[in-house]
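Remarks on the structure that follows.
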Amino acid sequence: MLLTVLELVGIAVFAASGALAAVRARLDVFGVVVLGMTTALGGGIIRDVLLGIHPPTALRTWPYLLVSAATGLLVFVFHPQVAKLRRAVLLADAVGLGLFTTGGTTTALAAGVPVYTACLIGMTTGIGGGALRDLLLREIPTVLRQEIYAVAALTGAIVVAIGHRLSLPAGPTAVVAAALICGLRLLALWRRWDAPRPRER
Amino acid sequence: MLLTVLELVGIAVFAASGALAAVRARLDVFGVVVLGMTTALGGGIIRDVLLGIHPPTALRTWPYLLVSAATGLLVFVFHPQVAKLRRAVLLADAVGLGLFTTGGTTTALAAGVPVYTACLIGMTTGIGGGALRDLLLREIPTVLRQEIYAVAALTGAIVVAIGHRLSLPAGPTAVVAAALICGLRLLALWRRWDAPRPRER
Amino acid sequence: MLLTVLELVGIAVFAASGALAAVRARLDVFGVVVLGMTTALGGGIIRDVLLGIHPPTALRTWPYLLVSAATGLLVFVFHPQVAKLRRAVLLADAVGLGLFTTGGTTTALAAGVPVYTACLIGMTTGIGGGALRDLLLREIPTVLRQEIYAVAALTGAIVVAIGHRLSLPAGPTAVVAAALICGLRLLALWRRWDAPRPRER
């Protein structure tokens with residue numbers, strides 16, 4: 001029950017991030033809602049396409065569709081207010097990254113793929129929606145350019161995979177991994193950690 | 001028989017739209033043909049990947065491949081003449097949108113997915129090719145930015161789904177839905193209907 | 001054995017091409033590694049998604065992941081030196097194109113799809129990684145704009161398909177086809193062959 005609520009919170013936050021980016025790019029109301037839904041559901045859809053889960057869970061779970069579409073509409077109407085909540089959005093985005101990544105890794109392990117495959121697919125679940133958002137808005141995905149984001153996701157995915165190999169209970173392991181991802185991400189934001197850039201020639 | 005002809009007309013028109021955009025972007029002859037094929041077949045390929053139909057129907061139906069490739073080549077050679085047919089291309093594009101969307105929705109319902117999933121996948125079948133065309137040409141997909149296009153597709157998909165729930169005969173329902181999509185789209189073009197944009201801050 | 005070595009060489013070269021492009025776009029170390037892996041493995045992942053092979057071979061074969069990630073890291077550190085090896089990179093890229101395309105066509109034929117479908121999927125295997133690299137870096141895919149690249153791949157794929165229809169031994173046919181693709185590509189580079197562009201209006 002708590003997990004479902006948290007998952008819907010993650011979806012709402014990712015949808016808000018996509019919808020806000022769409023408002024900034026001056027899309028129309030349909031574009032804002034679609035960007036919100038793509039950002040919220042895109043990572044899970046990529047995961048399911050890679051694992052052969054047809055049709056993707058995100059497209060046949062109506063609460064996911066409803067929450068992401070409604071969030072997009074709310075952001076369309078109230079975007080000046082939402083944009084002011086910058087810190088709250090970043091915090092919630094870190095929570096979403098943790099939940100999506102650990103959920104994706106767990107789903108992939110349950111499908112019986114090798115552990116390193118599950119880690120990659122879990123990380124992709126966490127960062128895929130944001131990458132699609134940037135691609136649709138004709139931007140190089142932020143996740144490839146700056147800040148510790150994907151590395152936090154990958155770290156948490158590895159924790160889930162180790163727990164799986166050691167046969168630790170899945171629930172608590174996932175909670176610890178999600179908290180780790182969220183914590184790493186917030187620490188990186190707070191300390192302005194960037195991944196190294198290539199040296200100049 | 002009539003349906004097959006109409007479907008090939010839809011493919012030819014979508015291919016022409018992609019090929020014309022490629023000519024404007026100064027791609028070479030291979031790029032023009034590929035853009036034409038992607039625009040014509042991309043929506044159906046996305047649909048089949050989401051539904052788990054392998055390999056996608058569009059890649060194993062040679063008339064689809066032949067018609068879309070030949071249209072791309074013709075546009076490459078005769079593009080100044082084709083570009084003059086702007087109104088005819090817009091009209092045919094509306095017909096293609098209607099046919100692709102209703103066909104996609106019907107295929108998804110036949111695969112046994114929930115009705116709302118079928119509506120989303122049907123709409124994606126109709127708008128996916130054009131969105132891929134814009135992405136490959138490094139543009140924010142038109143469908144997200146302006147004009148009533150996706151909303152017309154979604155409306156028709158919902159009509160198909162309602163007909164399916166009421167067990168109405170599939171053929172006539174699809175014809176009505178396709179005509180509705182086409183009509184809404186042309187009305188939007190004629191009256192210059194745009195979807196609402198976000199208000200300025 | 002030799003084939004496996006050649007395949008890993010192809011993966012390393014494609015990874016180097018993606019990583020170099022990422023260095024030029026000023027991505028961070030994570031972005032450079034991801035771009036390298038996407039360029040090296042993207043064509044095969046698209047192939048497997050289209051054929052319904054879950055999860056894609058590239059994601060569950062650890063030597064592929066290791067070689068592509070390590071190449072990305074090496075390019076991140078030594079990019080000024082690697083960029084000087086321009087001719088060697090182009091040569092190796094032609095070898096990779098040949099290997100990926102013939103491998104993709106053979107895999108598709110083994111999955112039982114029609115021959116023309118196998119040719120298209122084989123060509124996509126060869127050119128898909130580079131197209132994804134360009135898309136992620138917000139560029140119109142090079143393969144659509146200039147030079148004989150995809151046409152060389154398609155020619156080799158057709159040779160593989162003809163050999164399959166004539167029941168020729170698969171191994172030697174693949175070698176001949178790969179050599180043909182590689183030779184055509186190098187000839188096009190050497191003679192500066194471009195595909196025709198659209199005439200001006």
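Letters A, B, ... mirror the listed sequences (proteins, then strands); counts begin at 1. None of these values were measured; they are calculated from a predicted model.
- For chain C, no part of B:E139 is nearby; none of its heavy atoms comes within less than 4.5 Å.
- Between the side chain of B:Y64 and the backbone N or O of B:L41, no donor-acceptor pair lies under 3.5 Å.
- For a residue to count as touching a neighbouring chain, one of its non-hydrogen atoms must lie under 4.5 Å from one of that chain's; by this rule B:V29 touches chain C with backbone and side chain alike.
- B:I181 and B:A153 get closest at one heavy-atom pair: CD1-O, 3.9 Å.
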Exercise for the section: Dump the intermediate steps for side chain to side chain contact (heavy atoms under 4.5 Å, CB included) on B:V115 and B:L109, then the final yes or no. Expected result: CA-CA 7 Å; B:V115 283; B:L109 286 168; 4.0 Å; yes
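- The part of C:P114 that comes within reach of chain B is its side chain, from C-beta onward, which places non-hydrogen atoms under 4.5 angstrom from that chain.
- Contacts between C:I121 and chain B at a heavy-atom distance below 4.5 Å involve the side chain alone, from C-beta outward.
- Between C:F14 and C:F100, the gap from one ring centroid to the other is short of 6.0 Å.
- Residue C:L135 touches chain B through its side chain alone, counting heavy-atom pairs closer than 4.5 Å.
- For the pairing with C:I11, the side-chain contact (heavy atoms from CB on, under 4.5 Å) check across C:L99, C:T39, C:V67 returns one residue only, C:V67.
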